[in-house]
Every structure is written in C-alpha cells, then in structure tokens.
Amino acid sequence: MYLLDHKDLRSDVPDSVPLSRLEGLEDRVLLYPVCGGDFLVPVLHFAPVIDVFWMVDRGYFRPGHQDTRFFGLDQPADTVSPILKDPALDFQGATLEGPPAINSRGVHITPCVLTEEYIHLPTGRSIQVKFRRGYGHSTFDKEISRLSIFFYRGDSHGEGGSGNNWYGRDPGKRIWDKLVDGGWLVTDLSNSYSQDAFLEIAIEQNLGTLQKASELLDPMYQFYSESIDRTFKCIGTLSDRYRPCLIFQITKGDTREEGAPKRPLLSKREWKKILKAKLFPKEE
C-alpha cells in the first residue's frame with residue numbers, strides 16, 4: 001500500500017463512553033502498554049466496570065529515566081505510593097513484586113509490579129492498578145490471559161515512540177485471541193495501519209472523505225476484517241491525549257448491522273487504484 005500521510009481527525013464531539021456494553025463481560029481487565037504518565041484518565045473512566053488495570057512502561061522505577069522522570073515514576077517502586085491522587089479514589093494499600101529500582105541505562109529490564117488497591121468511591125467498587133516496569137509485549141505474553149479493554153494511545157514509530165506494531169500478523173493474532181468477545185479497543189490509531197479496519201480510516205482521511213471524529217459515530221463505522229474474522233464498530237470517544245481517542249467494540253464473526261455502511265467499502269486493490277490517481281495524477 002502506498003505511504004499515507006498521518007492526518008489527525010478533528011475532535012468535534014464530547015466524551016461518549018457507553019459502559020453498559022461492558023457490564024456483562026467476564027475477565028474485566030484493561031491493559032495499557034507504553035502508558036507513561038497517562039494513567040488517571042483510563043482508571044477514572046473505567047473503574048465502574050474494570051477490576052484490574054495494567055499500566056506498563058519500560059521507564060517505571062528506573063531513577064533518572066528520560067521517559068518517566070518528569071512525573072515522578074522514575075523513583076523506586078517502594079517510595080511512590082499512592083500514585084493515583086483523585087477525590088474519587090480511596091487508597092487501601094500496595095504490594096510489590098520484583099526489585100524496586102534498576103539502572104536507567106541498562107538494556108535488560110528486570111520486571112517489577114507495584115499493585116495498588118483502591119476503592120472507587122462513586123461506585124464502592126474495589127479495583128487494582130498494577131504498574132509494571134517492562135515492555136508491553138512481554139507483559140501481554142506473561143501477565144495477560146484474558147482482556148476486556150486494550151487501551152493504546154500516544155505512541156509512534158519514531159520521535160521517542162516505542163515502534164511497537166500491535167496489529168501485525170503475529171502480535172495482532174494474540175490480541176484478538178485474548179480480547180473477550182465484545183471487548184473494546186480504545187485508541188487514537190497510533191501505529192495502526194497494519195490493521196485493515198484502521199487502514200481504511202487512514203485512506204479515507206487522505207482522500208478527504210473522513211475528517212471529523214463524529215463521522216465515525218453517525219453513521220456508525222463498522223468494518224468486518226476477514227483476515228481475523230472480527231467486526232470493528234466505533235461506539236464512542238474518549239478524552240484527547242494528542243488526538244481524538246476512539247472506542248471500538250470488537251466482536252467475533254461478521255456482526256455488521258443494517259442502517260450503516262458495511263465496510264470495507266472497497267477492496268485493497270480498488271483503494272490502491274484511487275490512491276495512485278490522487279498521489280500521482282496524470283498530466284493532461
């Protein structure tokens with residue numbers, strides 16, 4: 001596929017997080033790789049339904065590390081609790097697994113998991129927030145058996161990003177296998193073009209037929225990916241970090257509904273032909 005320019009959707013709708021769609025799911029676990037300091041928003045939004053939050057970053061608990069020193073999570077894990085400071089959360093205690101600190105310049109990362117317990121006061125629910133020093137893929141492989149929400153935003157292939165490809169052939173298959181039927185993918189489309197459902201969004205952005213987040217909600221964007229036998233439905237939006245964050249519900253099989261365009265609208269070959277004409281117009 002031809003190289004696409006990255007274009008941000010315009011944020012033109014308020015947050016819309018339909019939590020009722022998650023209430024019947026088991027294995028209420030959220031994973032956020034390359035989280036950095038962006039942990040409070042997902043916890044506050046999803047504490048009414050999620051039991052365990054995994055916040056993962058290679059820079060946690062590594063004194064002086066460039067990725068975490070600006071918000072204090074480069075410090076040893078046994079000195080930072082409670083990390084979440086919000087009137088809606090009542091800290092109950094913490095436990096620690098692994099060395100509380102390692103060298104910030106070392107190539108090898110010895111994992112450490114700081115588990116904090118909170119009561120979410122508006123609902124009275126008990127939740128765990130696990131801050132793990134390590135890489136996202138190793139956490140996914142070693143710590144996650146089932147998943148309700150895969151939360152991923154603010155990353156890139158360059159300019160300090162992780163370069164991780166979560167939607168490629170091998171890691172992508174593991175995501176869909178572990179995500180429960182009806183689970184959510186919450187993303188700003190970081191590093192997303194290898195997933196065909198997101199590639200079509202990027203193509204439409206480059207063609208100028210898709211410019212605003214609201215255009216994915218009404219009518220609902222729904223895409224059946226034959227390669228992984230999953231349907232993607234855009235059902236909401238979440239607070240921006242660097243660009244609009246979209247909520248996709250992922251279901252097994254072709255569950256596209258009547259009343260909204262059923263994507264893919266065109267085959268990859270047809271899209272390629274249209275893009276070629278746009279990028280390399282013939283001189284008259």
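For the pair K130 (side chain) and V52 (backbone), a donor-acceptor distance under 3.5 Å is absent. Judged by distance alone, the side chain of R62 and the main-chain N or O of N103 form a donor-acceptor pair under 3.5 Å. Judged by distance alone, the side chain of K142 and the main-chain N or O of H137 form no donor-acceptor pair under 3.5 Å. Between the Q249 side chain and the G182 main chain, a donor and an acceptor come within less than 3.5 Å of each other. In terms of modelled atom types and a separation under 3.5 Å, the side chain of S214 and the main chain of D12 share no donor-acceptor contact. Remark: side-chain polar atoms of D74 are paired, donor with acceptor, to backbone N or O of G64 under 3.5 angstrom. Although no hydrogens or angles enter the test, the distance criterion places a donor-acceptor pair under 3.5 Å between the side chain of T209 and the main chain of E204. In this structure, Q75 contributes its side chain and G72 its backbone to no donor-acceptor pair below 3.5 Å. The backbone N or O of I83 sits nowhere less than 3.5 Å from a side-chain atom of S81 that would complete a donor-acceptor pair.
For the pair R125 and D51, the salt-bridge criterion is met [side-chain N within less than 4.0 Å of a carboxylate O]. Using a 4.0 Å cut-off between charged nitrogen and carboxylate oxygen, R133 and D57 do not count as a salt-bridge pair. Comment: K262 does not engage E257 in a salt bridge, judged by the lack of any side-chain N to carboxylate O separation of less than 4.0 angstrom. Salt bridge R10/E215: absent, no basic N to carboxylate O contact under 4.0 Å.
Nearest heavy-atom pair, P122 versus A88, reported as atom, atom and distance to 0.1 Å: CD-O, 3.6 Å. A pairwise comparison of heavy atoms in C112 and G98 identifies SG-O, 4.1 Å as the closest pair. When all heavy atoms of D188 and S190 are compared, the closest pair comes out as OD1-OG, 2.5 Å. A pairwise comparison of heavy atoms in G36 and F71 identifies C-CZ, 3.3 Å as the closest pair.
Within the 4.5 Å cutoff, the side chain of C35 has no heavy atoms near those of the F131 side chain. Counting heavy atoms from C-beta outward, L44 and L89 have side chains that approach closer than 4.5 Å. You'll find the side chain of L217 reaches within 4.5 Å of the side chain of T237, heavy atoms only. Residues V49 and E23 have side chains in contact (heavy-atom distance under 4.5 Å, counting atoms from C-beta outward). Inter-residue side-chain proximity for F248 and F198 is flagged as met; some heavy-atom pair is nearer than 4.5 Å. Side-chain contact check for L22 versus R28: every heavy-atom pair is 4.5 Å or farther apart. Counting heavy atoms from C-beta outward, L185 and W176 have side chains that approach closer than 4.5 Å. Using a 4.5 Å heavy-atom threshold, the side chains of P42 and M55 count as touching.
Residues I175 and I228 fall within the same hydrophobic cluster, defined by Ile, Leu, Val, Met, Phe, Trp and Tyr side chains chained together at heavy-atom separations under 4.5 Å. Under a hydrophobic-cluster definition in which Ile, Leu, Val, Met, Phe, Trp and Tyr are linked whenever side-chain heavy atoms come within less than 4.5 Å, directly or via other members, F140 and V113 are assigned to the same cluster. Taken together through direct or relayed side-chain contacts under 4.5 Å among Ile, Leu, Val, Met, Phe, Trp and Tyr, V13 and I235 form parts of separate hydrophobic clusters. No path of Ile, Leu, Val, Met, Phe, Trp and Tyr side chains, each step under 4.5 Å between heavy atoms, connects L179 with L25, placing them in separate hydrophobic clusters. One hydrophobic cluster holds both V180 and I247 under the rule that ILVMFWY side chains link at heavy-atom gaps under 4.5 Å.
To the nearest 0.5 angstrom, S225 atom OG is 11.0 Å from E200 atom CD. Once rounded to the nearest 0.5 Å, the distance linking OG1 of T187 with CG of L238 reads 11.0 Å. Atoms SG and CE, on C234 and M220 in that order, are 9.0 Å from each other to the nearest 0.5 Å. Note: R263 CZ to K233 NZ = 14.0 Å, rounded to the nearest 0.5 Å. Remark: Q222 CD to T255 OG1 distance equals 8.0 Å, nearest 0.5 Å.
Side-chain contact of S148 with D27: a donor-acceptor pair under 3.5 Å is absent, judged by distance alone. Residues D90 and Q92 bring a donor and an acceptor atom of their side chains to less than 3.5 Å of each other. Between the side chains of T115 and Q128, no donor-acceptor pair is found at a separation under 3.5 Å. Between E270 and S267, the side chains place a donor N or O and an acceptor N or O closer than 3.5 Å (distance only, hydrogens not considered).
With Y224 as the fixed residue, the side-chain hydrogen bond (donor to acceptor under 3.5 Å, both in side chains) test singles out one of D196, D229, T231: D229. With V186 as the partner, the side chain to side chain contact (heavy atoms under 4.5 Å, CB included) test is satisfied by one option alone out of L30, V17, I149: I149.
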Fill in: Residue pair Y60, D67: steps toward the side chain to side chain donor-acceptor pair (under 3.5 Å) verdict
CA-CA 8 Å; Y60 287 160; D67 293 345; over 6 Å; no
Worksheet item: Passes side chain to side chain donor-acceptor pair (under 3.5 Å), R132 versus T139? Steps please.
Response: CA-CA 8 Å; R132 187 183 193 270; T139 302; 2.8 Å; yes
Worksheet item: Given V43 and I127, is the side chain to side chain contact (heavy atoms under 4.5 Å, CB included) satisfied, shown in steps?
Response: CA-CA 9 Å; V43 170; I127 63 171; 3.9 Å; yes
Discussion item. The test is side chain to side chain contact (heavy atoms under 4.5 Å, CB included); show your working for L84 and F91 and say whether it passes.
Written reply: CA-CA 8 Å; L84 302 178; F91 178 64; over 6 Å; no
Discussion item. Walk me through whether L246 and L216 qualify under side chain to side chain contact (heavy atoms under 4.5 Å, CB included).
Written reply: CA-CA 9 Å; L246 306 169; L216 292 168; 3.4 Å; yes
Item to complete: Would you check, one step at a time, whether the test side chain to side chain contact (heavy atoms under 4.5 Å, CB included) holds for F53 with F46?
Response: CA-CA 9 Å; F53 297 80; F46 296 110; 3.9 Å; yes
Worksheet item: Can T251 and D181 be said to form a side chain to side chain donor-acceptor pair (under 3.5 Å), step by step?
Response: CA-CA 5 Å; T251 51; D181 191 18; 5.0 Å; no
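Annotation: salt bridge (charged side-chain N to carboxylate O under 4.0 Å, His left out) contacts of R256 (sequence neighbours excluded): D254.
The number of heavy atoms from other shown groups lying within 6.0 Å of CD (E97) does not exceed 12. Residue-environment remark: NZ (K85) exceeds the threshold of 12 foreign heavy atoms within 6.0 Å.
Hydrophobic clustering, defined by side-chain heavy atoms of Ile, Leu, Val, Met, Phe, Trp and Tyr closer than 4.5 Å, groups I109 together with I102, Y135. Under the 4.5 angstrom side-chain criterion for Ile, Leu, Val, Met, Phe, Trp and Tyr, the cluster partners of L121 are I119.
Note: Y221 and F223 have parallel aromatic rings, judged against thresholds of 30 and 60 degrees for the angle between ring planes.
The aromatic ring centroids of W184 and Y152 lie 6.0 Å or more from each other.
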